[in-house]
Each structure stands twice: as C-alpha cells, then as structure tokens.
Amino acid sequence: MSIQITFPDGAVKDCPAGITGLEIADGISSGLRRNAVAITVNGEQWDLTRAIEGDAQIAIITRDTDEGLEVLRHDAAHIMAEAVQELYPGTQVTIGPAIEDGFYYDFAREEAFTPEDLEKIEARMREIVKRNEAIEREVWQRDEAITFFKNMGEDYKAEIIADLPAEETITLYRQGDFIDLCRGPHLPSTGILRDGFKLTKLAGAYWRGDSNNAQLQRIYGTAWSDKKQLKAYLKRLEEAEKRDHRRIGKQQSLFHLQDEAPGSVFWHPKGWALYQTVQAYMAEKQYERGYQEIKTPQLVDFSLWEKSGHADKFGDDMFSLTSDDRQYAIKPMNCPCHVQVFNQGLKSYRDLPLRLAEFGSCHRNEMSGALHGIMRVRSFVQDDGHTFCTEEQIQSEVSEFIDFLHEVYQDFGFEEIIYKLSTRPEKRVGSDDVWDRSEKALADALDSKGLDWDLQPGEGAFYGPKIEFSLRDCIGRVWQCGTMQMDFSMPERLGAEYVAEDGSKQVPVMLHRAILGSMERFLGILIEQYAGALPAWLAPQQVMVATIVTEANDYASDVAKALRNAGFRAETDLRNEKIGYKVREHSLQKIPAILCIGKREAEEGTVAVRRFGSKAQTVMPLEEFIEHFSNEVEQKQVFETAEASA
RNA sequence: GCCUGCAUAGCUCAGUAGGUAGAGCAACUGACUUGUAAUCAGUAGGUCGUUGGUUCGAUUCCGACUGCAGGCUCCA
C-alpha cells in the first residue's frame, strides 16, 4: 500500500506506507539526512523513526532551525538526566524542558550537586553521545506507567503522569538503560546531539514552581547545533556581560551600593546627572500630556495602609516604625496618597479625567534574594501616575497612555517592547461584568495599535487587570518597566467620589500607570542598552575640554564656560598630561565629545572635535560646534557608528 | 526567604598543600609642556567581609552572621 506525501514546496510523492522521516530525508539528500532532527507530520512534530501510515503533509526539521534546536535541547536534557542517574543512582528525575538558548533538568537528590559534579556530568553526557544509543518511543497505559515509575522510586514522574489529562497518550522514551516520560519528539539516537552543548549553572527550583513544595536541584545547560555555534553563543554572553549596569556603574562612577544600605542606591555626581536628565524629560512630557505633578509624604500613619488594603496584602514588605506611640509606614507605593489629593475638595465629572503624577519615592522590604543591582532595589522612585476617570473614559485613556509610552521608549532608543496582559486572578474584587469590560478595554487598546501581546491569565492584581510593558537587559532577562493597571477597589475603599452630571455621587475608576516603572530599574536598563555610551542628550558629561599645553588653559576654560552657558554639561581637563592620555581616558568614559585645545585653537578661536566612536578630528569654530551639538541634543540623536555600542 | 557559589589594596585580580600577603591600573611626590587611546622615576597603601571554633599558630580548615552573584519564589 502506498501513501501520498506532500512536501513543503507542494510536491506530492507516492511512498510506501510505514515510511519514516529518516527514510524521506535520506531520499532527498544525504546532507538533509545528516541535519535532520525531527519531522513535522500534518502539523505535528514527530520522531524521524516513527512510521507514517497515511497521507501526510511533511517538513523535515533540521538542526539549525529554531524548531530543530528545541529538539536538540530537549534531547540534551534527557541525556543529562541519563548521565546523572548513571553517576548518582537514586536521584529522581522530574522535568527537563528546552528553554531559550538551552535546557535544564530538575532533580531530587538528598546530597547537593557541586560545580565539580557538573564537569563529571558533562563528561558523561559526551560519553552517552559517543555511545549513540537509539532513542525509542513507546506508548504505555497510564496505570502501568504510574506503577512502573513508582516501582523505580520515581514518585515525581508518577505524579506528573497521574495529573496528565485523561485523553493524553502516555509516551515514554527509552535510550540505553534510561527511560523517561516525554511527549517528544526526540532524535533517533543520542549521537545526533553532537558536541555543541555545555552545562552552565546549578540552581534551586521549587517543585511545580511553588515555594511551599520541596526544593529540587536544577542544572542548566546550553545547546547548539554545533561547537562553533556554542562558542559564538558563549562569546556573545561574555560580550553582553560587559554591558552589565553594575560594571559600567563602577567604571563610570555613576553610583554604588554598599552593605550598610542593601538595595538602596548611592548616586554619584555623574549618575545623578543622568537621573535628573531622565526625570526632567519625563516631567516635561507628562506636563504636555495633561498630568499635574504632585508630591506626597514618605511617612504615613499605618491606618491609611489598613484602609487601602496594603497592610493586608503587603504587610511584611512594608517598613514600619513607631514614634510617640503612633505607628507609621514608609510608603511602599503612592496610590493611597494620590487618592488623598483627589479627595481634597469636591470633584465634578467635569474634572475628569484627572491625571496626577509623582516621582514617588517608595520603600519595599524585598526578600534579600530578589535584589539585583539597581534593577530590583528596596528604595526606588516610580514615575507614578494615577488617572481618575469614568468607565467610559478608560478606553481612550489607555490608548493615549500606550502612545505616550511608545513616544518615550522611542526617544530612549528602545525598539523591542514586550507586552503582556494580565487578567483576573481567583481572588478578586468587582463583578465579572466589570472584569469582562475592563479586560476587553485593555485588549482592544493593544489590538487597535496592532501590538503583539501575551496573555497572562490569572496574573492580574486583585483589584483589576493590567498591561505590563517590559524591556530586556544585556543578557536577555526581561524586566517590567511600564504598567497600566485598572483599579475598581481603592477609590471606593478610600472614599473617592465625584459629582456626576445628574447630581449623584459616583466612585471614579482609578488607573495606575508608570512608563519608566522605577527610575532605578529604567536607568539600569538604559545603561545596558547603550553599554554606557549614552547618546549626547543623556550623557552625564556631554563635552570634555582637554588641553594640550598649559598655555591653552585660559582659552579652554572660556570654551567650557561658553558650553555651559549654551546649556551643556561640559568640563575641562587641564591636567599636565599628554593629549593621548586624556583622549584615552575620556574615550573609555564614553564621553560623546572631546574638544582638544592647543596653541593653535587658542589663537584661532576654534576647537578640535573628536566624537565618541570615531578617531577623526574636525577643527571648527566654537560656535559651529555648539550649533551642531545643540541639534544633536535637541533631536535626541543616537550614535550612528557601530563602535558606539562596543 | 530557599538552593548553589563567592567575599584579598580605591579598581581588576594573583597567592598561601595552615607559619600574619603580591601584580597591574588608580592615588601621592618629582621631572617632563606634551597635537589625539597609557611619559618616566619614586612613595604610600591591606587586623585577606564580620564573628566563633579547631590548632603552638588561621587570610587559608570548620560553623554562624552580613553582603554579593546566578537561579527559584515574589515583584516596579
């Protein structure tokens, strides 16, 4: 009996029933067979060794594609589990998926793995690859599979199988003496993984991601189609780490952190200049967009936090103190204070939407393990804003906000934004009807702008759904920056009302929003985005005037004064050092413009301009430089040279 | 908070199989007045994160604490 196989290019071929992906690939070319790792059969990923019994639309998955890499990585996880069980009998396997750039596997074992163990495991993995064990798919009965794993002492596996949906086919994959529950697909044999993998780190991870459960030991690895790709990846990682904001913060003396104030930033002059530039920019933009800036207290009586509900939900994360028998908390967020401002005086529907903004300093006692450089701190400033509006105004407010956020991110040079919509959690306030409408309002706002977003069901706040806007750091970690949250709870709890058209008192909807998120986190991301080479409008030091001879000192000081009068952050370097030394130092500091001043310049009233990222010097009258540079700053231009990001 | 690791001069890092530590850069002093990514010479700088224990002796071995890093959980 023959079947019809349809290829990706539309070609149809008659093949004997029971043909495998491997045979199909072989029939096309030996190169394809060599690079094949799996096959798509009617939209489903299959093993290459699985027999195709009916007409099918197929596509061979090769090792250098995203899908192929996922198969390789998944296999790497299995091979690692096999290696671990060979080396450390009695270790239970749990789950081991492919992830971005690699894979991991979670193990349950009394004794802790050490970094030396990783080397041993990796060496054993290479042996298993060399053994080239056939990987075979087996379909099992659920009960048999559960009993089988229980008898092996693999309780976690048995639990996973027991929890699988009833209609799911239970497939086990066998390679050598190792057998694991898996949906597949897998490589025909272990040898096909080759040598483009490496174990990278050890970590703890909770069973099923729940901190109430047992903690397992997770081993991470990275895997690529070949060794060259692996090396390129490791190199990329190494390069990316040079952009780390903690490293650059130290190199450029932007800020520091120290033991006595964990999770709080000491901003140095240069870092603070950057901070203030960003804040001033945001203040101006917010004013343009109809926000009114306010400032609310740091220390607020605990009763307000009880009323707002934060004491309940946030309790342990709040810093509180008692003074004169009164209990206070340092504010962990600004919202309740903003409601207090709204509540002053009687508000009319004519006042809505009312937009209040604050660079609000917040303190949260984050768990020690959660702290990370200046990205996750205990003391931070939010570019917080709250809009009080009617339900009808939500849609347009959200839509305008997204435009605002895009304008800001674009000015800062961020192109990749990750959008997530978090919807109703199990524990929540407000009727389903209101949730339906507001989730739809947020989704519509995203869709109407043609944005690609992920749904995070159940991840919303108890008081309303939210959109999260995230950016990536230098090694690809995702950090939430912007947010737009709806709140159906707090205005009512805190007694916010307005007089409606018909004279009745109504409770406004409250929208919590931030664009940068926190100044600290955003600046951290910004530093990594530019690897410390900030564009002229942001650079803490924009121009450095460096002298070649002492005779030029007076003129250099005049130049710096003129630059400052023109609104630039300009400094002089009058040290008795060679110009090469000064240029090197200021280039390493990634200052956008170095003006070298020697006898000639002093006599002619010119400046020799050397821009960051270029080795060329251009001599021009000071006025001309000021004009050029003003334009660049005005337009928030980003460096164009490739070297700028080096 | 949990798991694994780490903590040596201002910075980047060596080092001691247990006998109180070293380099480069930076700093300071002097000379050099210099034309676009490091001028030369000299000086000074560390209770080896804190704290217990083992030991004749601990920066080194063991424990606790603090902080940091990478994950997990949580989150701007």
Side-chain angles (χ1 to χ4, degrees), chain A residues 104 106 112-115 117-118 200-220 241 244 246-247 250-251 253 256-263 314 316-317 332-334 360 362 364-378 380-384 459 461 466 468-471 475 477 479-483 485 512-522 524-525 546-553 575-589 594-601 608-610 612 614-617 619:
Chain A
Y104 69 77
D106 286 345
F113 289 117
T114 64
D117 291 338
L118 284 200
T200 51
K201 54 201 174 193
L202 265 169
Y206 298 104
W207 168 236
R208 301 208 148 159
D210 186 336
S211 56
N212 296 315
N213 289 343
Q215 191 155 36
L216 307 169
Q217 298 187 65
R218 176 172 298 179
I219 301 177
Y220 282 94
E241 276 164 10
D244 192 307
R246 291 163 296 193
R247 180 197 281 246
K250 209 177 258 178
Q251 277 169 353
S253 186
H256 85 268
L257 296 143
Q258 69 183 48
D259 289 7
E260 286 81 356
F314 235 75
D316 294 344
D317 291 340
M333 41 186 60
N334 309 297
C362 297
R364 298 182 188 171
N365 196 5
E366 301 288 356
M367 288 183 298
S368 58
L371 302 179
H372 180 96
I374 65 173
M375 303 278 215
R376 182 90 181 267
V377 288
R378 292 203 173 121
F380 58 101
V381 173
Q382 293 178 313
D383 62 318
D384 210 353
E459 296 289 307
K466 61 178 173 182
E468 290 172 21
F469 304 86
S470 302
L471 297 171
I475 63 166
R477 281 178 294 221
W479 296 91
Q480 184 193 321
C481 292
T483 183
Q485 306 186 10
H512 306 251
R513 40 107 291 160
I515 290 179
L516 309 181
S518 95
M519 294 296 293
E520 288 74 8
R521 175 173 298 178
F522 192 80
I525 299 256
T547 51
I548 296 167
V549 286
T550 14
E551 281 174 270
N553 283 3
R575 291 175 302 173
N576 178 19
E577 293 288 352
K578 288 194 167 172
I579 192 65
Y581 179 86
K582 295 185 186 182
V583 165
R584 174 181 153 83
E585 202 164 273
H586 303 308
S587 297
L588 287 173
Q589 288 296 312
I594 304 172
L595 305 189
C596 295
I597 306 290
K599 245 197 251 174
R600 274 206 300 277
E601 287 74 17
V609 183
R610 182 177 166 131
F612 180 77
S614 161
K615 287 191 157 77
Q617 299 102 46
V619 179

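All figures in this text were calculated on a predicted structure; none of them were measured in a lab. To find a chain, count down the sequence lines: A is the first, B the second, and so on, and within it residues start at 1.
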Report yes or no: does A/D106 contribute a side-chain atom to a donor-acceptor pair with the main-chain N or O of A/L216 at less than 3.5 Å? no

Report yes if at least one side-chain N or O of A/Y581 is closer than 4.0 Å to OP1 or OP2 of B/A26; otherwise report no. yes

Check every strand shown and say whether A/E366 touches a base, only sugar-phosphate, or nothing at a heavy-atom separation below 4.0 Å. base

Shortest side-chain distance from A/Q382, nucleotide among B/A76, B/U73, B/C72: B/A76

Once you apply a heavy-atom cut-off of 4.0 Å, does A/A203 come out as touching a base, just sugar-phosphate, or nothing? base

Indicate, with a heavy-atom threshold strictly under 4.0 Å, whether A/Q251 touches base, sugar-phosphate, or nothing. nothing

Please determine, by modelled atom types, if A/D117 and A/T114 share a side-chain donor-acceptor pair under 3.5 angstrom. yes

Between the base of B/A76 and the side chain of A/R378, is there a donor and acceptor pair under 3.5 angstrom? no

Assign A/G373 to base, sugar-phosphate, or nothing according to its heavy-atom contacts below 4.0 angstrom with the strands shown. sugar-phosphate

P atoms of B/A26 and B/A69, separation to the nearest Å: 28 Å

Side-chain contact check for A/S518: nearest option of B/U36, B/A76, B/G35 is B/A76

Does OP1 or OP2 of B/A37 have a side-chain N or O of A/R610 closer than 4.0 Å? yes

Within the structure shown, what part of the strands sits under 4.0 Å from A/C362 by heavy-atom distance: base, sugar-phosphate, or nothing? nothing

What is the base-pairing partner of B/A37, counting Watson-Crick and G-U wobble geometry with both distances under 3.5 Å? none

What's the CG-P distance between A/D106 and B/U4, to the nearest Å? 14 Å

Sidechain N-carboxylate O distance under 4.0 Å for A/R208, A/D210: no

Between B/U73 and B/A17, how far is it from one P atom to the other, in whole Å? 43 Å

Considering only heavy atoms and no angle criterion, is a donor-acceptor pair shorter than 3.5 Å present between the side chain of A/E601 and the base of B/G35? yes

Describe the nucleic acid contact of A/A608 in one word from base, sugar-phosphate, nothing, applying a heavy-atom distance below 4.0 Å. base

Presence of A/K250 side-chain N/O under 4.0 Å of B/U12 phosphate oxygens OP1/OP2: yes

Within the 4.0 Å heavy-atom criterion, would you say A/L588 contacts the bases, only the backbone, or no part of the nucleic acid? base

Whether the side chain of A/E585 and the base of B/A26 hold a donor-acceptor pair under 3.5 Å is what I'd like checked. no

In whole Å, what is the span from the NZ atom of A/K201 to the C1' atom of B/C6? 16 Å

Would you say a side-chain N or O of A/R521 is under 4.0 Å from OP1 or OP2 of B/C75? no

Is A/G369 touching bases, backbone alone, or none of the nucleic acid, heavy atoms closer than 4.0 Å? base

Looking at B/C72, I'd like to know if its phosphate oxygens (OP1 or OP2) sit under 4.0 Å from a side-chain N or O belonging to A/Y220. yes

Could you tell me whether A/A112 contacts a base, only the sugar-phosphate backbone, or nothing, with contacts defined as non-hydrogen atoms closer than 4.0 Å? sugar-phosphate

Check whether any side-chain nitrogen or oxygen of A/S368 sits under 4.0 Å from OP1 or OP2 of B/G1, and answer yes or no. yes

A/G598 backbone acceptor or donor facing A/E601 side chain under 3.5 Å: yes

What does A/R477 touch in the nucleic acid at a heavy-atom separation under 4.0 angstrom: a base, only the sugar-phosphate, or nothing? sugar-phosphate

Compare the minimum distances between each of B/U36, B/G70, B/C75 and the side chain of A/H372, then state the nucleotide with the smallest one. B/G70

Please determine, for the side chain of A/R584, which listed nucleotide (B/A76, B/G70, B/A38) has the closest atom? B/A38

Using a cut-off of 4.0 Å on non-hydrogen atoms, how would the nucleic acid contact of A/G482 be classed: base, sugar-phosphate, or nothing? nothing

Can you tell me whether the side chain of A/R364 and the base of B/C74 have a donor-acceptor pair closer than 3.5 Å? no

Between A/R246 and B/G70, does any side-chain N or O lie under 4.0 Å from OP1 or OP2? yes

Residue A/M367, side-chain atoms from C-beta onward, closest of B/A76, B/U36, B/G1: B/G1

In Å and rounded to the nearest 0.5 Å, what is the CD1 to CZ distance from A/I594 to A/R610? 6.5 Å

Check every strand shown and say whether A/Q217 touches a base, only sugar-phosphate, or nothing at a heavy-atom separation below 4.0 Å. nothing

Under a 3.5 Å cut-off for both distances, is B/U43 Watson-Crick or wobble paired, and to whom? B/A27

Atom NZ of A/K599 and atom C1' of B/G35: how far apart are they, to the nearest Å? 11 Å

How would you label the contact of A/S211 with the nucleic acid (heavy atoms, under 4.0 Å): base, sugar-phosphate, or nothing? sugar-phosphate

